[in-house]
Amino acid sequence: MNYSKEIDKKWQEKWKKEDLYKFEENSQKKKCYTLEMFSYPSGAKLHLGHWFNYGPSDSFARYKRMKGYNVFQPMGFDAFGLPAENYAIKTGIHPEDSTRKNIETMKRQLEEMGGSFDWEHTVETCMPDYYKWTQWIFTKLYEAGLAYKKEAPVNWCDSCKTVLANEQVIDCKCERCGSVVQRKKLAQWFFKITDYAEELIQKLDELDWPESTKKVQINWIGKSYGSEIKFVGENGNFEFNVFTTRPDTVNGVTYVVIAPESKLVQQITTKEQKEAVDKYIQETLKLNEIDRLSTEREKTGVFTGAYAINPINDQKVPIWIADYVLEDYGTGAVMAVPAHDERDYKFATKYNLPIVEVVKSKDGKETKLPFTEYGILVNSGKYDGLSSDEAKVKITEDLAKREKGKSTVNYRLKDWLISRQRYWGAPIPIIYCDKCGTVAVPEKNLPVLLPYDVEFRPDGVSPLKKSKEFMECKCPKCGGKATREADTLDTFVCSSWYQFRYPDAKNKEKAFDKEIVNKMLPVDVYIGGKEHAAMHLIYARFMTKALRDLGYLDFDEPFKRLVHQGLILGPDGNKMSKSKGNTVAPEEYIEKYGSDGFRMYLMFGFDYKKGGPWDEKGIESIAKYFSRVEKLIETAVEEIKSSNSKNAEIGAKEKDLLRVKNQTIKSMGEDIEEFQFNTAIARAMEFLNKMNEYVKERDNINKEVFIDCVETYIKLLAPLAPHFAEEQWEKLGHTTSVHKEEWPEINEKQMNGGFKEIPVQVNGKLKLCVTVEADSTPEEILNAIKSNEKVQEIFKTYNVKKEIYVPGKIYNLVAEK
RNA sequence: GCCGAUGUGGCGGAAUUGGUAGACGCACUGGACUCAAAAUCCAGCGGGAAACCAUGUGGGUUCGAGUCCCACCAUCGGUACCA
């Protein structure tokens with residue numbers, strides 16, 4: 001193989017000089033905005049995962065360019081976040097310094113990859129010229145009532161005096177010091193994403209996204225229809241609502257359960273029960289949500305000593321607390337119907353609570369409790385005999401008349417908590433003034449700069465709070481003394497709108513120009529991992545809708561088409577991580593096989609959408625393949641140079657070759673369009689094998705057909721191996737870039753020439769194949785099959801009962817011996 | 001736990017979406033070239049002597065199932081402060 005790293009360098013320099021990948025702003029061509037999820041500069045270098053994400057998707061962008069699109073493919077960095085801060089705490093290196101350095105390295109490596117990115121349009125979320133506008137968006141959402149403050153629990157490590165990310169909590173313990181983590185409430189900022197819950201579900205219909213991702217989002221939002229029912233304390237001194245999807249079973253309620261952290265608990269708990277309740281609450285604070293909601297874990301609870309009245313039958317029912325009820329889902333309280341709910345049944349059995357059956361099976365059969373299906377009501381007074389569906393409506397109606405209930409829609413989706421008690425993020429642009437209250441920082445005072453000299457080591461206080469110079473400020477309204485919000489924004493806020501900034505990345509006056517964003521968005525193809533299915537991809541959709549409603553853009557959805565690349569695991573089949581010691585460094589492969597060799601192997605050796613464990617065994621195959629292509633080019637160059645015009649006829653061999661050529665153009669195009677790079681390369685290899693077979697008898701080839709096939713071949717290879725193809729293109733005598741060429745056209749007539757095989761089966765089992773001319777009619781094919789000697793033999797040896805002929809595809813006989 | 005995927009030769013992976021299972025490669029075996037080796041080229045390559053048996057396991061639908069249905073098993077991703 002002659003191809004090497006030096007060839008990469010040669011072409012990278014040339015491309016840069018010629019500005020080959022600059023987006024043409026005023027082009028008449030149709031735009032294609034292809035976007036890869038930007039990277040987080042946590043490590044010092046590009047890792048294998050970056051290569052797997054960005055290499056193949058760059059090939060996709062290159063393909064689109066050859067197909068005549070004005071491709072916009074920018075790249076940037078999601079630069080704020082926890083890992084840089086943790087690294088800083090550990091090493092003392094300031095997050096800004098480490099991040100800046102990492103970005104520089106990664107940028108250089110992305111160029112070495114041959115990524116056709118337009119670096120004129122880039123974003124770095126940690127730069128003031130970017131986060132100024134993140135902050136501005138926050139203030140606009142705040143002014144529109146979409147940002148608000150309320151109390152919410154955080155993971156608190158009392159020995160480190162710091163808030164922990166879920167990731168830092170291992171087995172309910174602090175990852176650093178091992179002490180038990182408690183849930184502690186803090187006042188925090190939220191975005192009202194729940195306002196958009198309905199649209200976030202509805203608009204999924206219009207998107208070209210994987211169905212599985214749509215499902216994840218639908219379930220994440222978790223819409224359910226049901227009723228809210230009001231329970232009043234037995235003395236009328238308190239009341240609360242429960243949410244239920246089964247109002248038909250309300251006559252079977254034998255107790256109610258409220259979330260342990262609910263404020264109501266303190267109010268209603270009796271003296272006798274106080275000690276037990278408090279102890280239970282303390283235990284609950286140690287648990288995370290996954291444990292609390294697990295149906296595997298045995299349910300626990302404590303009686304509060306208080307009672308409430310069931311509004312449907314005025315019965316007195318005990319009020320319990322249990323950790324499986326969450327304060328922020330539904331109303332934070334549930335009615336328990338042990339006869340018709342698994343969990344309630346187990347709970348009631350454990351604590352000896354009564355079980356009252358109120359729904360029987362429709363077919364009158366004896367029902368085994370708990371009976372969770374719909375049926376016919378019993379033991380329900382005037383509702384007896386109604387079906388569950390009828391009863392749901394009737395009971396809710398009756399309760400509504402007495403203002404004891406209403407039908408509602410409940411969403412599992414919670415508002416988006418955007419406050420972080422951390423240093424390395426965009427400061428929340430809010431000022432607290434004794435006189436004017438909470439004030440958003442006006443645009444002219446933005447950005448609120450993140451100060452460099454701050455003590456970010458954890459000691460119980462938000463890092464920014466420790467910077468006097470940051471905290472003290474003037475109220476923009478009254479000019480009086482005021483203080484700043486010390487929390488920073490969740491990095492997901494920064495990444496929820498970057499797709500709008502890219503096309504107008506240098507705008508100093510605005511976050512983005514409305515006309516430009518309307519022209520360039522939505523993103524035509526968005527590429528990234530499916531781990532973002534629920535969070536980032538919902539946040540970005542929410543942000544689009546919020547900005548639309550505020551008048552800053554005119555479309556509903558940010559990403560028209562979505563493709564998930566798979567994950568490359570370590571050679572041991574586990575997720576790559578430094579701690580597991582199973583990481584694979586791309587450098588040595590690039591050194592040996594060149595950027596294209598590595599990129600091609602990533603595309604050929606794995607299913608792009610699936611990923612899989614790293615295995616270097618196959619990488620040699622690409623080097624061998626490149627050698628074979630180089631050999632073919634040598635042959636072609638010799639042919640071009642030689643003056644003798646050989647066979648000019650187009651015979652059967654030429655027809656066969658041209659058929660393969662056109663089929664290859666077609667299937668490679670379709671495969672790249674679908675991100676099936678492995679099969680695209682397989683098709684390319686087949687075409688190469690075919691050409692090699694053709695030129696075996698050098699004296700007997702049609703020069704024109706052969707050269708045409710070779711030139712086509714290099715064009716087909718150009719998006720997949722950009723440096724390598726450019727080099728071969730030059731060898732063929734071209735002085736302009738192959739990346740300026742168009743994707744070859746398909747000649748339908750040439751493609752459908754030749755022969756094909758029709759399988760003949762008996763009882764679905766293959767017996768033989770009959771070769772027919774590909775362009776004959778289905779009837780002609782059937783005749784050819786039936787007149788085949790071996791097929792006639794089958795008719796003789798078997799008792800044929802039925803013939804099944806799928807025109808042009810298969811011929812099957814149902815038969816006995 | 002819940003939600004979403006995935007499971008095909010020794011390995012990576014194909015399969016026109018219900019129609020020839022194993023494309024294209026890797027590894028391996030044999031041959032050619034060579035003093036020899038490497039490289040390269042040629043041939044073979046799921047199991048079985050064959051009938052046949054084979055797409056995680058067990059059922060089902062169908063003329064026909066890797067593909068559709070039901071029940072299980074295993075692995076992976078997400079689970080709201082990793083991004």
Side-chain angles (χ1 to χ4, degrees), chain A residues 37-40 42 78 80-83 86 154-155 163-169 188 193 210-220 222 288-297 324 328 412-422 490-492 495 528-536 538-539 564 566-567 569 573-575 601 604-607 609-622 624-625 627-628 631 667 670 676 678-679 681-686 689 757-769 801-804 806 809-815:
Chain A
M37 288 180 185
F38 60 174
S39 53
Y40 181 78
S42 67
D78 188 13
F80 277 137
L82 188 63
N86 285 341
V154 293
N155 302 314
V163 175
L164 297 178
N166 288 338
E167 193 188 45
Q168 298 172 300
V169 182
Q188 313 210 60
I193 191 171
E211 283 308 311
S212 59
T213 305
K214 290 186 185 181
K215 273 187 210 159
V216 168
Q217 293 213 345
I218 287 168
N219 292 327
W220 186 266
N288 62 35
E289 250 173 56
I290 293 175
D291 288 335
R292 285 178 65 168
L293 291 175
S294 167
T295 50
E296 194 98 305
R297 195 176 61 98
Y324 67 85
D328 50 10
R412 199 188 74 101
L413 182 71
K414 298 183 225 169
D415 274 337
W416 176 9
L417 198 167
I418 52 167
S419 282
R420 295 292 181 270
Q421 294 71 47
R422 302 194 189 283
D490 176 10
T491 52
F492 277 123
S495 60
K530 49 173 157 274
E531 65 272 20
H532 292 291
M535 301 175 72
H536 164 62
I538 286 190
Y539 295 146
H564 294 307
L567 197 65
L569 307 169
N574 292 305
K575 208 173 166 176
Y601 178 59
F604 180 60
F606 302 86
D607 175 343
K609 293 178 188 170
K610 222 164 78 189
W614 173 253
D615 180 1
E616 62 171 20
K617 263 198 233 151
I619 193 160
E620 279 288 339
S621 68
I622 295 297
K624 281 187 199 166
Y625 166 71
S627 299
R628 290 203 301 273
K631 219 175 252 173
S667 39
E670 287 168 356
Q676 284 156 9
N678 53 352
T679 48
I681 294 171
R683 296 292 93 82
M685 287 173 170
E686 280 170 324
N689 293 344
E757 295 196 318
I758 305 292
V760 176
Q761 301 179 328
V762 175
N763 298 328
K765 281 181 183 159
L766 181 73
K767 291 294 167 194
L768 62 125
C769 285
K801 287 180 171 173
K802 202 173 160 189
E803 293 171 56
I804 291 154
V806 184
K809 263 192 177 164
I810 200 160
Y811 183 66
N812 185 23
L813 297 169
V814 186

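Protein chains get the first letters and strands the later ones, always in sequence-line order, with residue 1 at the start of each. Just so you know, these numbers come straight off a predicted model, no measurement behind them.
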Practice item. Using only side-chain N and O atoms of A/Lys765, determine if any of them is under 4.0 Å from OP1 or OP2 of B/rC53. Key: yes
Practice item. Could you work out which one of B/rG77, B/rC81, B/rC24 sits closest to the side chain of A/Leu417? Key: B/rC81
Practice item. Would you please name every residue forming a ring pair (Phe, Tyr, Trp, His ring centres under 6.0 Å) with A/Tyr811, sequence neighbours left out? Key: none
Exercise for review: Determine the interatomic distance between P on B/rU16 and the same-named atom on B/rG10; round to the nearest Å.
Suggested key: 23 Å
Are any protein N/O atoms closer than 3.5 Å to N/O atoms in nucleotides 13-19 of chain B? If there are, list each pair with its distance.
{"residue": "B/rG13", "atom": "OP1", "partner": "A/Gly611", "partner atom": "O", "Å": "3.0"}
{"residue": "B/rG13", "atom": "O3'", "partner": "A/Asn678", "partner atom": "ND2", "Å": "2.9"}
{"residue": "B/rA14", "atom": "OP1", "partner": "A/Asp607", "partner atom": "OD2", "Å": "3.1"}
{"residue": "B/rA14", "atom": "OP1", "partner": "A/Asn678", "partner atom": "ND2", "Å": "3.0"}
{"residue": "B/rG19", "atom": "N2", "partner": "A/Asn812", "partner atom": "ND2", "Å": "3.4"}

**Study point:** Atom P, compared across B/rC28 and B/rA39: separation rounded to whole Å
**Key:** 10 Å
Exercise for review: Determine the interatomic distance between C1' on B/rA15 and the same-named atom on B/rU55; round to the nearest Å.
Suggested key: 11 Å
Revision key, fill the gap. Residues at least two apart in sequence or cross-chain that pass side chain to side chain contact (heavy atoms under 4.5 Å, CB included) with A/Leu417, listed by chain then number, are A/Ala152, A/Gln188, A/Phe190, A/Ser419, A/Arg420
Check your understanding: OP1, OP2 of B/rA27 versus side-chain N and O of A/Lys624: anything below 4.0 Å?
Key -> yes
Point to revise | In B/rU8, glycosidic geometry as syn within 90° of 0 or anti otherwise | key: anti
Review point. Expressed in angstrom and rounded to an integer, what is the separation of A/Tyr539 atom OH from B/rC82 atom P?
Key: 10 Å
Practice item. Could you classify B/rG9 for me, syn or anti, using a glycosidic angle within 90° of 0 as syn? Key: syn
Check your understanding: Does A/Phe604 have any ring pair (Phe, Tyr, Trp, His ring centres under 6.0 Å) partners at least two apart in sequence or in another chain, and if so, which?
Key -> none
Check your understanding: Within the structure, does a side-chain N or O atom of A/Asn689 lie under 4.0 Å from either OP1 or OP2 of B/rC24?
Key -> no
Practice item. Measure from the side-chain heavy atoms of A/Asn219 and tell me the nearest of B/rA23, B/rC41, B/rG4. Key: B/rG4
Point to revise | Distance, C1' atom - from B/rG66 to B/rA23, rounded to whole angstrom | key: 15 Å
Revision key, fill the gap. Which of B/rC81, B/rA83, B/rA5 is nearest the side chain of A/Leu82? It is B/rA83
Review point. Taking the P atom of each, how far is B/rG46 from B/rU40, in whole Å?
Key: 23 Å
Check your understanding: Taking the six-membered ring for Trp, are A/Trp614 and A/Phe606 parallel (under 30°), tilted (30 to 60°) or perpendicular (over 60°)?
Key -> parallel
Check your understanding: What residues, two or more places apart in sequence or in another chain, satisfy ring pair (Phe, Tyr, Trp, His ring centres under 6.0 Å) together with A/Tyr539?
Key -> A/Trp416, A/Phe492
Point to revise | Nearest-Å distance for atom pair NZ/P, residues A/Lys215 and B/rC3 | key: 12 Å
Review point. Do A/Gln168 and B/rC82 share a donor-acceptor pair, side chain to base, under 3.5 Å?
Key: no
Review point. Is the shortest heavy-atom distance from the side chain of A/Trp220 to the side chain of A/Met535 under 4.5 Å?
Key: yes
**Study point:** Watson-Crick and G-U pairing of RNA chain B written in dot-bracket, each distance under 3.5 angstrom, with | for inter-strand partners
**Key:** (((((((..(((......[....))).(((((.......))))).((....))..(((((..]....))))))))))))....
Check your understanding: Side chain of A/Asn166: nearest nucleotide among B/rC3, B/rA5, B/rC82?
Key -> B/rC82
**Study point:** P atoms of B/rG64 and B/rU20, separation to the nearest Å
**Key:** 15 Å
Point to revise | P spacing across the pair B/rC2 / B/rG22, given as an integer number of angstrom | key: 39 Å
**Study point:** A/Arg412 with A/Glu289: basic N within carboxylate O range, under 4.0 Å
**Key:** no
Point to revise | Check: A/Gln188 side chain, B/rC81 base, donor-acceptor under 3.5 Å | key: yes
Review point. What is the distance from atom CD of A/Glu211 to atom NZ of A/Lys215, rounded to the nearest 0.5 Å?
Key: 7.0 Å
Practice item. Could you work out the separation of B/rU67 and B/rA50 based on their C1' atoms and round it to a whole Å? Key: 30 Å
**Study point:** Close side-chain approach of A/His564 to A/Thr213, heavy-atom, < 4.5 Å
**Key:** yes
